[in-house]
Amino acid sequence: MVKAVVGANWGDEGKGKITDMLAKEADVVVRFQGGANAGHTIVNDYGKFALHTLPSGVFYRHTVNVIGNGVALNIPILIEEIKSITDRGVPSPNMIVSDRAQIVMPYHILFDQYEEERLGGKSFGSTKSGIAPFYSDKYAKIGIQVSELFEETALKEKLIRICETKNILLEHLYHKPLLQPDELFETLKQYRELISPYVSDVSAYLENALKDGKQILLEGQLGTLKDPDHGIYPMVTSSSTLAAFGAIGAGIPPYEIKKVITVCKAYSSAVGAGAFVSEIFGEDAEELRKRGGDGGEFGATTGRPRRMGWFDCVASKYGCRLQGATDVVFTVLDVLGYLDEIPVCVGYEIDGKVTTDFPTTGKLEKAKPVLKKLAGWKSDIRGIRAYEELPENCRRYIEFVEEQIGYPITMVSNGPGREDIIYRDFK
Ligand code: GDP
């Protein structure tokens, strides 16, 4: 059976913790999209870890961790990340990497930086991990698959062709040093050394795993609102963040995904530019940012302070719908225990009309939040394990949100640890 863990919002919903928790029952954990541009924070017996490329199953001996074909594979970063966890006492993870995954090249990272520099104040707030140039090249069919590392003659020729076009931009648009095909070839030979032990036919592996009745977990990065088709385009990421893409980015039939566990945070946060209707500023934002997540809401990759906002029912309802949520996990609820009243965004006012449907970007820029205030519970809910033991106002908050978004909240997360979870009809 295949389950997907994905985000309903702008990312940073706490997917890493949920995947790490569910990975306990999984035989295989698969990353199917994105790259080293975002990070998951996981707290477990080994300590606190920020994972960027590694699947969240790496802390379990029994899981096979898979980098699917949909991922932007940064080979040196992957190898460094493996080392960073084994250096801290985690046993060497069981890993396989798709021979069809494409490689983030050093020039993708450079082009990301150069383009952000060129755009100046109009930049996308990229993490400069090369993700947009990587996916552009993939779909322009000048990307390099892992399998191509093993075809030296063809690879050399391809690099010459790539450098010809890239160098025109480097010389005339960015005024930066040119690329040398020979140097890139040497770099790729080193990459081949590093990645060879892991390379595998992932879709064939997963087909067998399914036949054997294995439990497979697909691990998404970011959330619906960062999806290039259904998100806040163009302030999105460059690969699909939706569960549906899990089938493509892992290489499995779409009908095998039986559960879409959609992670939704009890308040909002976002990184990078783009419309954010329920955003708050000043002291309210400072306070929530300081108390948020586990040790504050700061980017796992960049350390940047995240933008903060109240829970947004409009965006979350849409976020869950596009994911096809079978279950919603409501996370980081413990953080809200300090508030007397908790505002929730229940509608968008656009040109004088109120809607609960999430609009396209142009309209979104004009939307003003319609807020409703719910009573706070003014207590620490960490450590509670049974839903009925939550304070009444806390349950009211959960049930109000559930009704507004229209998808069942079957788990509530009330702390960063694996065991900080309250089940409510989760099967
Ligand atoms: P991801 O990218 O969706 O995995 O999210 P991040 O890891 O960037 O952000 C989630 C942050 O919240 C991390 O620091 C987690 O340790 C923390 N976290 C996850 N669930 C909870 C929770 O229920 N309560 C608290 N206080 N922190 C949580």
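Since we're looking at a predicted model, the values are computed, not measured. Ligands are counted one by one from 1 in listed order, and the atoms in each one are counted from 1 as well.
- The parts of Val332 lying near ligand 1 are both backbone and side chain, judged by heavy-atom distances below 4.0 Å.
- By the criterion of a heavy-atom distance under 4.0 Å, the backbone of Asn414, and not its side chain, is placed next to ligand 1.
- Residue Asp12 holds the heavy atom nearest to atom 9 (O) of ligand 1 of all those in Asp12, Val329, Val5.
- A donor-acceptor pair shorter than 3.5 Å can be found between the side chains of Ser413 and Lys17.
- The shortest non-hydrogen separation linking Lys138 to Asn69 is NZ-O, 3.7 Å.
- If you check each of Gly293, Gly415, Gly337 against atom 12 (O) of ligand 1, the one with the closest non-hydrogen atom is Gly293.
- Residue contacts with ligand 1 for Lys17 involve side-chain atoms from C-beta outward but no N, CA, C or O (heavy atoms, distance under 4.0 Å).
- Near Ser413, with a cut-off below 4.0 Å to any heavy atom, the atoms of ligand 1 are 20 (N), 21 (C), 22 (C), 23 (O).
- Of the heavy atoms in Arg382, only side-chain atoms (C-beta onward) come closer than 4.0 Å to ligand 1.
- Heavy-atom contacts of Gly16 reach the following atoms of ligand 1: 1 (P), 4 (O) (cutoff under 4.0 Å).
- The pair Asp137-Lys166 counts as a salt bridge, with a side-chain nitrogen and a carboxylate oxygen less than 4.0 angstrom apart.
- Within 6.0 Å of OH on Tyr233 lie no more than 12 heavy atoms contributed by other residues, nucleotides or ligands.
- With no hydrogens or angles considered, no side-chain donor-acceptor pair links Tyr267 and Asp312 at under 3.5 Å.
- Checking Ile381, Ile18, Asp334, Val271 against atom 24 (N) of ligand 1, the nearest heavy atom belongs to Asp334.
- Under the side chain to side chain donor-acceptor pair (under 3.5 Å) criterion, Thr241 pairs with no residue at all, not counting sequence neighbours.
- A donor and an acceptor atom, one from each side chain of Asp99 and Ser147, are nowhere located under 3.5 Å apart.
- Contact annotation: for Lys265 versus ligand 1, there are no heavy atoms closer than 4.0 Å.
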